S.K.: 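My questions will all concern the structure given below.
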Amino acid sequence: HRNDLNGEFPLWVAVEVMTFDVASKCLQNMVVADQGEIARLYDIRTKFFVNWMKCAVIARNIAAHCGRFYNRPISIKPLIPNAVAASIQPDRAFAYLYVIYQLLAPEEKQVFVLDLRKIISDYDGIDFSCIGLPQDWEAVLHTAI
């Protein structure tokens, strides 16, 4: 780019080297109309999308630094759609699992559910209510928003 474009770099070059956190902050700083254009690609309302990206960054950081989600109250609460609000405790880890599921590409959602189902079965002696896991968690994940 230095040679071919006289040192002018296209935006995608900067985006490729951004951390997830920086990309999320860029999204938060965009004008609402531009946020909405991106959110529409995910078929998610703008206010949810911006909040959920921030929550995804927090979840990623907890996991990347070997933090625990079990029985951990979450300080940054995701916005929860009315359709599932009665089933999700926004200050518990399942709220983040819900958010991450909603942000996944359709072909990745089934794998997510299978992996979560396996974790739950592998640790059947654990009280999953400590992460806010509802009894009907699969139906909650699949509820259209």
Side-chain angles (χ1 to χ4, degrees), residues 1 5 8-145:
H1 294 290
L5 299 173
E8 293 184 23
F9 291 80
L11 181 61
W12 65 263
V13 172
V15 172
E16 274 194 355
V17 296
M18 281 183 191
T19 64
F20 191 32
D21 184 42
V22 170
S24 172
K25 286 179 181 163
C26 285
L27 176 69
Q28 290 172 24
N29 289 321
M30 287 180 175
V31 295
V32 175
D34 291 341
Q35 292 173 341
E37 287 297 315
I38 297 170
R40 266 188 282 289
L41 297 171
Y42 291 86
D43 198 27
I44 298 172
R45 290 184 14 215
T46 304
K47 71 177 186 174
F48 288 106
F49 183 70
V50 174
N51 172 265
W52 291 357
M53 288 299 290
K54 183 176 184 177
C55 291
V57 168
I58 292 167
R60 179 259 172 223
N61 288 343
I62 291 170
H65 297 284
C66 300
R68 68 176 171 83
F69 282 100
Y70 185 76
N71 205 22
R72 176 189 188 133
I74 304 295
S75 57
I76 304 296
K77 295 169 185 57
L79 296 175
I80 304 298
N82 290 338
V84 292
S87 300
I88 297 178
Q89 300 171 44
D91 65 338
R92 291 288 163 188
F94 180 74
Y96 276 28
L97 294 175
Y98 173 82
V99 163
I100 291 167
Y101 177 85
Q102 296 303 323
L103 292 171
L104 290 174
E107 62 273 8
E108 295 174 8
K109 289 182 176 185
Q110 182 179 2
V111 173
F112 183 89
V113 169
L114 292 173
D115 288 347
L116 187 53
R117 196 182 298 149
K118 180 166 178 7
I119 289 168
I120 291 168
S121 70
D122 286 351
Y123 295 93
D124 64 349
I126 300 294
D127 179 7
F128 281 98
S129 67
C130 290
I131 65 165
L133 188 78
Q135 292 288 355
D136 60 343
W137 65 269
E138 286 189 59
V140 172
L141 289 179
H142 296 304
T143 300
I145 55 172

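Only a predicted model underlies this, so the values are computations on that prediction, with no experimental measurement involved.
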S.K.: So do Y96 and P78 actually touch side chain to side chain, heavy atoms under 4.5 Å?
M.R.: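 When only atoms from C-beta onward are counted, Y96 and P78 do touch, with a gap below 4.5 Å.
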S.K.: Got F94 and L141 here, is their nearest side-chain heavy-atom distance under 4.5 Å?
M.R.: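 Side-chain contact under 4.5 Å: yes.
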S.K.: For residues V13 and P10, determine if any side-chain heavy atom of one lies less than 4.5 Å from a side-chain heavy atom of the other.
M.R.: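 SC-SC contact between V13 and P10 confirmed.
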S.K.: Which distance, rounded to the nearest 0.5 Å, do you find between the CG of L114 and the CD1 of I119?
M.R.: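 Answer rounded to 0.5 Å: 11.5 Å.
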S.K.: Has the side chain of R60 got a donor or acceptor atom that lies under 3.5 Å from a matching backbone atom of A63?
M.R.: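 No, R60 side chain to A63 backbone: no donor-acceptor pair under 3.5 Å.
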S.K.: With rounding to the nearest 0.5 angstrom, report the CG to CD distance, D115 to E108.
M.R.: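 CD of E108 is found 11.0 Å from CG of D115.
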S.K.: Heavy-atom distance under 4.5 Å between the side chains of P81 and Y98, does that happen here?
M.R.: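 In contact.
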S.K.: Verify, without hydrogens or angle tests, whether R92 (side chain) and C130 (backbone) share a donor-acceptor contact under 3.5 angstrom.
M.R.: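 Yes: the side chain of R92 pairs with the backbone of C130.
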S.K.: Compare every heavy atom of I74 with every heavy atom of P90, then report the nearest pair and how far apart it is.
M.R.: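 Nearest heavy atoms, P90 then I74: O-CB, 4.5 Å.
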S.K.: Side chains of V113 and R117, heavy atoms from C-beta outward: is any pair under 4.5 Å?
M.R.: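 With C-beta onward as the side chain, the pair touches.
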S.K.: Determine yes or no for a side-chain-to-main-chain donor-acceptor pair under 3.5 angstrom, with Y70 supplying the side chain and D127 the backbone.
M.R.: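 Here the side-chain-to-backbone pair exists.
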S.K.: Provide the closest heavy-atom pair for K77 versus D91 in the form atom of the first, atom of the second, distance.
M.R.: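 Where K77 meets D91 most closely, the heavy atoms are CE-CB, 3.7 Å.
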S.K.: Check step by step if side-chain contact (heavy atoms from CB on, under 4.5 Å) holds for R68 and I62.
M.R.: CA-CA 7 Å; R68 68 176 171 83; I62 291 170; over 6 Å; no
S.K.: If you measure from SG on C26 to CG on D34, what distance do you get to the nearest 0.5 Å?
M.R.: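 Between atom SG of C26 and atom CG of D34 there are 12.0 Å.
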S.K.: Going by the ring-ring contact (aromatic ring centres under 6.0 Å, His included) test, which pairs reach into residues 111-145, not counting sequence neighbours?
M.R.: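 Every pair satisfying ring-ring contact (aromatic ring centres under 6.0 Å, His included) with a residue in residues 111-145: Y101-F112, Y101-H142.
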S.K.: Hey, are D21 and T19 close enough side-chain-wise for a donor-acceptor pair under 3.5 Å?
M.R.: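 No, D21 and T19 have no side-chain donor paired with an acceptor closer than 3.5 Å.
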S.K.: Is any side-chain heavy atom of Q35 closer than 4.5 Å to one of L27?
M.R.: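 Result yes, sub-4.5 Å side-chain heavy-atom pair found.
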S.K.: Excluding sequence neighbours, so at least two apart, what forms ring-ring contact (aromatic ring centres under 6.0 Å, His included) with F69?
M.R.: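 ring-ring contact (aromatic ring centres under 6.0 Å, His included) check on F69 returns nothing, list empty.
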S.K.: Would you tabulate the side-chain donor-acceptor contacts of residues 39-59 under 3.5 Å, counting partners in other chains and residues two or more places apart, or write 'none'?
M.R.:
{"residue": "R40", "atom": "NH2", "partner": "E37", "partner atom": "OE2", "Å": "2.7"}
{"residue": "N51", "atom": "OD1", "partner": "L79", "partner atom": "N", "Å": "2.7"}
{"residue": "W52", "atom": "NE1", "partner": "L79", "partner atom": "O", "Å": "2.8"}

S.K.: Are L116 and L97 packed together at the side-chain level, in the sense that at least one heavy-atom pair is separated by less than 4.5 angstrom?
M.R.: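 L116 vs L97: side chains touch.
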